There are 4 protein chains.
Amino acid sequence: MAADNKLPRREREKLRQRQEILATALDLFSQKGYHNVSVQEIAEKSEFAIGTLYKFFQNKEDLYKALVRELCDKFEDSIMRAIEQPQDEVEKLRSYVRAKTEVFHRNLPFIRLYLAESRGASFNLKAGLDDELRKRYYNSLESIADIFASGIKNQRFKNIADPYYLAVTLSSVIDAFLLLWLDAPERHPYPEDPDAILDIFFKGLLEP
Amino acid sequence: MAADNKLPRREREKLRQRQEILATALDLFSQKGYHNVSVQEIAEKSEFAIGTLYKFFQNKEDLYKALVRELCDKFEDSIMRAIEQPQDEVEKLRSYVRAKTEVFHRNLPFIRLYLAESRGASFNLKAGLDDELRKRYYNSLESIADIFASGIKNQRFKNIADPYYLAVTLSSVIDAFLLLWLDAPERHPYPEDPDAILDIFFKGLLEP
Amino acid sequence: MAADNKLPRREREKLRQRQEILATALDLFSQKGYHNVSVQEIAEKSEFAIGTLYKFFQNKEDLYKALVRELCDKFEDSIMRAIEQPQDEVEKLRSYVRAKTEVFHRNLPFIRLYLAESRGASFNLKAGLDDELRKRYYNSLESIADIFASGIKNQRFKNIADPYYLAVTLSSVIDAFLLLWLDAPERHPYPEDPDAILDIFFKGLLEP
Amino acid sequence: MAADNKLPRREREKLRQRQEILATALDLFSQKGYHNVSVQEIAEKSEFAIGTLYKFFQNKEDLYKALVRELCDKFEDSIMRAIEQPQDEVEKLRSYVRAKTEVFHRNLPFIRLYLAESRGASFNLKAGLDDELRKRYYNSLESIADIFASGIKNQRFKNIADPYYLAVTLSSVIDAFLLLWLDAPERHPYPEDPDAILDIFFKGLLEP
DNA sequence: GATGAATGAGTATTCATTCAT
DNA sequence: GATGAATGAATACTCATTCAT
């Protein structure tokens with residue numbers, strides 16, 4: 001679909017360079033945190049001149065934001081593609097859990113960075129970014145909520161709670177397991193079968 | 001005159017000042033993030049001289065750590081006290097949810113700060129603190145896991161998953177709801193009855 | 001001559017305290033150098049309150065100057081007393097060498113301090129002190145020059161150079177030997193017989 | 001165009017800038033002493049930005065050390081070259097006195113600085129530098145001692161004292177005269193003929 | 001268009017000095 | 001008179017950003 005390679009050679013070259021800078025920045029930021037990486041350092045490691053970085057990004061913050069947006073796009077794509085497959089609701093949720101797990105595993109350095117820098121109010125300067133990301137997050141919750149709603153409507157799921165609440169719950173539980181595993185893999189082995197997480201929802205806890 | 005004269009007046013005064021500084025620091029840190037607040041600024045806003053701050057805390061970092069430790073202690077106390085009441089397992093979980101909700105509501109600025117600064121790799125300087133807090137977190141998870149384990153043993157709960165997993169799940173779901181509510185209270189009204197959260201666990205989702 | 005103990009008790013007490021402060025300051029200054037000792041530190045170690053120090057001395061610099069003046073007075077006294085004995089010129093010079101050696105050995109910490117801090121232009125703030133000390137030094141040179149002059153007049157010494165030059169020479173040579181010994185006693189053992197230094201002057205170097 | 005184009009223009013320019021900074025620093029340090037000069041001040045007076053200074057020198061201390069080393073090298077060279085000429089011992093000593101005098105006259109500001117800062121215990125931070133300089137000084141004394149030893153062996157000099165002692169003596173006497181002249185040129189005119197200093201050694205003082 | 005040398009505002013921390021008790 | 005808590009000016013150093021080449 002994309003016509004990336006229809007771009008004039010110059011433009012394509014530019015894009016490639018931009019990606020290289022972002023990759024280096026991701027590397028450094030996720031190793032040391034935003035505040036402990038200097039623009040100098042990014043320039044050196046990516047083998048561009050400082051001035052060149054500033055051709056691509058207005059400032060350090062802009063570079064960071066671009067990085068986060070780019071990766072969030074990628075993640076969203078993966079996850080959305082997973083739940084857009086034509087399947088029943090249960091399968092969709094399973095796909096969702098699997099996709100999120102995979103994204104997480106494949107992008108550990110970034111996840112670390114993101115958790116470190118962008119949660120909460122740390123960067124009021126980056127409020128713009130935050131707002132945008134929050135919106136996206138809410139949207140993705142809506143997509144999951146839709147699955148629950150549809151499942152409830154189809155009477156595949158019991159109507160135990162608001163579908164949006166259910167989406168929040170599922171999303172947060174996956175995150176929690178992944179984070180624990182990230183912190184201390186030996187202590188918190190990630191469930192070998194990601195579906196195990198779903199079971200907690202699917203099977204009620206209380207004895208009837 | 002005062003009733004709280006267990007300590008000599010001088011000492012009490014000192015403590016009060018320390019608390020004032022910590023309160024101001026919390027305020028500023030949670031508004032702007034650790035790196036974007038200068039010691040100067042804390043001094044000015046708390047109406048002490050810079051030198052005075054340094055009488056109380058060795059470092060900017062030390063001040064931050066003291067702040068976090070102090071509050072975490074407080075939170076832990078509240079929550080532990082809640083679940084140590086002699087009640088059945090279901091009641092204990094309800095108490096837990098309520099206690100956490102209350103702590104969260106009462107300490108929004110700090111929660112913001114904590115989420116912003118203490119997760120991930122951002123603060124390699126603060127690794128020591130992080131480790132300590134992680135350990136505490138894991139310990140608190142164990143306490144909740146114990147409740148689930150006991151409930152399962154008593155056949156009050158179905159044995160649908162490892163108790164520790166259940167603890168992780170519950171804890172993370174509460175956090176998630178609270179965070180959403182923190183971000184956008186209108187969009188995400190926190191369930192009026194905190195027990196609603198528990199219901200998601202208690203009632204199975206799947207139709208039999 | 002002095003009527004120290006005629007002073008009212010109050011005054012005597014004051015003087016004793018002053019001496020105590022100066023002694024502590026000497027100790028600290030000579031261990032760490034003027035700039036690396038805080039007034040706080042002097043106060044603590046001498047067991048006075050900071051405010052009390054400031055009753056005795058206008059400021060840190062004033063304290064330092066008083067210290068140096070006091071000790072220089074003492075040294076000058078010792079040395080002057082030595083050369084004022086009724087002796088012939090050769091004996092006077094010997095007494096001078098011995099007295100200087102003794103003063104040096106007995107006051108190593110101060111000598112170190114003095115060399116570190118007061119030579120040259122380090123403290124333009126302390127210019128006042130420096131000027132005063134220089135004058136004293138020149139005066140002491142004159143006293144030595146007088147001995148040489150008298151010795152030349154008495155034909156006890158050859159008239160090989162201006163007496164003042166001879167004084168400069170003798171004084172500097174003693175200092176040089178003492179300094180070397182101070183730096184590295186093993187490498188530069190101080191001549192066991194201080195008179196050896198004089199011999200270099202007394203015996204001409206060149207073969208006739 | 002320039003004749004000194006062994007280095008690429010860029011490098012030459014750099015070196016010139018470095019020298020300019022060092023010259024300004026020397027100026028300021030010798031007027032006010034190391035501790036009383038701020039990096040800010042050096043930057044302003046040398047008309048570079050603070051950051052530029054830090055491109056050339058890691059620290060304020062590093063700047064100071066570079067300054068001292070640079071100049072000591074220069075001095076040592078001059079003096080060593082003077083005594084390495086093929087001459088008899090007497091001439092060598094004369095050359096030594098003359099070379100030292102010249103170096104001193106040409107580098108008054110530095111001499112002032114050096115005397116102020118590098119002696120004694122003031123700079124425990126600068127211990128490394130101090131040690132290095134002391135070693136150099138001792139080495140230079142050995143070179144002079146060799147001249148005396150050779151002169152004694154050749155029976156050009158009487159064997160009145162250990163050659164190393166003689167070296168110490170000569171060196172310190174020159175320094176003393178130079179220092180007096182530095183302090184108060186009118187009161188202490190430096191001997192018009194530097195050889196006058198040597199005469200004090202060559203001619204015995206005592207009448208036979 | 002690319003470069004990277006130069007810039008200088010910004011920040012944590014120390015310590016001489018004051019003054020209310 | 002003595003005290004020492006409180007003060008805040010001063011300073012070394014970093015690093016995002018610019019702009020002359």
Side-chain angles (χ1 to χ4, degrees), chain A residues 10 13-14 17 34-44 47-64 125, chain B residues 9-10 13-14 17 21 34-44 46-64, chain C residues 10 13-14 17 34-44 47-64 125, chain D residues 9-10 13-14 17 21 34-44 46-64:
Chain A
R10 206 50 177 281
E13 178 62 9
K14 283 239 160 202
Q17 291 182 342
Y34 180 84
H35 275 105
N36 303 313
V37 173
S38 68
V39 176
Q40 183 81 242
E41 211 174 343
I42 301 174
E44 268 166 29
E47 301 187 287
F48 288 95
I50 297 179
T52 309
L53 292 212
Y54 277 86
K55 288 273 185 291
F56 286 101
F57 309 97
Q58 280 199 338
N59 47 36
K60 193 185 172 188
E61 197 184 320
D62 187 46
L63 165 56
Y64 174 77
L125 301 170
Chain B
R9 183 174 16 171
R10 208 39 172 291
E13 178 62 8
K14 279 236 159 202
Q17 290 182 341
I21 294 167
Y34 180 84
H35 276 104
N36 302 311
V37 173
S38 69
V39 175
Q40 185 84 238
E41 212 174 340
I42 301 175
E44 267 163 31
S46 63
E47 301 188 283
F48 289 95
I50 299 180
T52 308
L53 293 212
Y54 279 88
K55 288 267 188 296
F56 287 100
F57 308 97
Q58 282 198 337
N59 282 340
K60 190 185 171 188
E61 198 184 321
D62 188 46
L63 166 56
Y64 174 78
Chain C
R10 207 45 177 285
E13 178 61 9
K14 283 241 158 199
Q17 291 183 342
Y34 179 85
H35 276 104
N36 302 313
V37 172
S38 67
V39 175
Q40 182 82 242
E41 212 175 342
I42 300 174
E44 267 165 30
E47 301 186 287
F48 288 94
I50 297 180
T52 309
L53 292 213
Y54 277 86
K55 288 273 186 292
F56 286 101
F57 308 97
Q58 280 199 337
N59 47 35
K60 192 185 172 188
E61 198 184 318
D62 187 46
L63 166 56
Y64 174 77
L125 302 169
Chain D
R9 181 167 24 162
R10 208 40 172 291
E13 178 62 8
K14 279 237 159 203
Q17 291 182 342
I21 294 168
Y34 179 85
H35 276 105
N36 302 311
V37 173
S38 69
V39 175
Q40 185 83 239
E41 210 175 343
I42 301 174
E44 267 163 31
S46 64
E47 300 188 284
F48 289 93
I50 299 179
T52 309
L53 293 212
Y54 279 88
K55 287 267 188 296
F56 287 100
F57 308 97
Q58 284 199 336
N59 282 341
K60 191 185 170 188
E61 196 184 322
D62 188 45
L63 167 55
Y64 173 77

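In what follows, chains are A, B, ... by sequence order, proteins preceding strands, each numbered from 1. Remember, predicted model here, so these are calculated numbers, not experimental data.
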Figure out the [atom1]/[atom2] separation between [X] and [N], and round it to whole Å.
| X | N | atom1 | atom2 | value |
| --- | --- | --- | --- | --- |
| B:Asp62 | E:dA12 | CG | P | 14 Å |
| A:Ile42 | E:dG4 | CD1 | P | 16 Å |
| C:Leu53 | F:dT3 | CG | P | 10 Å |
| B:Glu13 | F:dA5 | CD | P | 13 Å |

Establish, with yes or no, whether the OP1 or OP2 oxygen of E:dA2 is under 4.0 angstrom from a side-chain nitrogen or oxygen of A:Thr52.
no
Closer than 4.0 Å, any side-chain N/O of B:Gln17 to the OP1 or OP2 of F:dA5?
no
5'-most contact on DNA chain F (nearest-nucleotide basis), B:Phe48 vs C:Phe48, goes to C:Phe48
Which atom names give the shortest non-hydrogen contact between [X] and [Y], and what distance separates them?
| X | Y | answer |
| --- | --- | --- |
| A:Gln17 | A:Phe56 | OE1-CZ, 3.4 Å |
| D:Asp62 | D:Gln58 | OD2-N, 3.0 Å |
| C:Asn59 | C:Tyr54 | CA-CE2, 3.9 Å |
| A:Asn36 | A:Glu41 | O-OE1, 4.0 Å |

Pairing string, 5' to 3', for DNA chain E - Watson-Crick or wobble contacts under 3.5 Å, brackets [ ] where pairs cross, | to another strand
.||||||||||||||||||||
Identify, with sequence neighbours excluded, every residue that meets salt bridge (charged side-chain N to carboxylate O under 4.0 Å, His left out) alongside A:Glu13.
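A:Glu13: salt bridge (charged side-chain N to carboxylate O under 4.0 Å, His left out) contacts with A:Arg16.
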Residue closer to the 5' end of DNA chain E, A:Ala49 versus D:Glu47 (nearest nucleotide):
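Residue closer to the 5' terminus by nearest nucleotide: A:Ala49.
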Geometric class of the C:His35/D:His35 ring pair [parallel <30°, tilted 30-60°, perpendicular >60°]
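Parallel, since the angle between the ring planes stays under 30°.
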Starting at CD of D:Glu44, measure out to CD1 of D:Ile42 and round the result to the nearest 0.5 Å.
11.0 Å
Just wondering, do B:Ser46 and B:Thr52 contact through their side chains at under 4.5 Å, heavy atoms?
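Not touching, per the 4.5 Å side-chain cut-off.
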Do C:Leu63 and C:Val39 make a side-chain contact, defined as non-hydrogen atoms from C-beta onward lying under 4.5 Å apart?
no
How does protein reach along nucleotides 13-21 of chain E, written 5' to 3' as B (base within reach of a heavy atom under 4.0 Å), S (only sugar-phosphate), or - (no contact)?
BBBSBB---
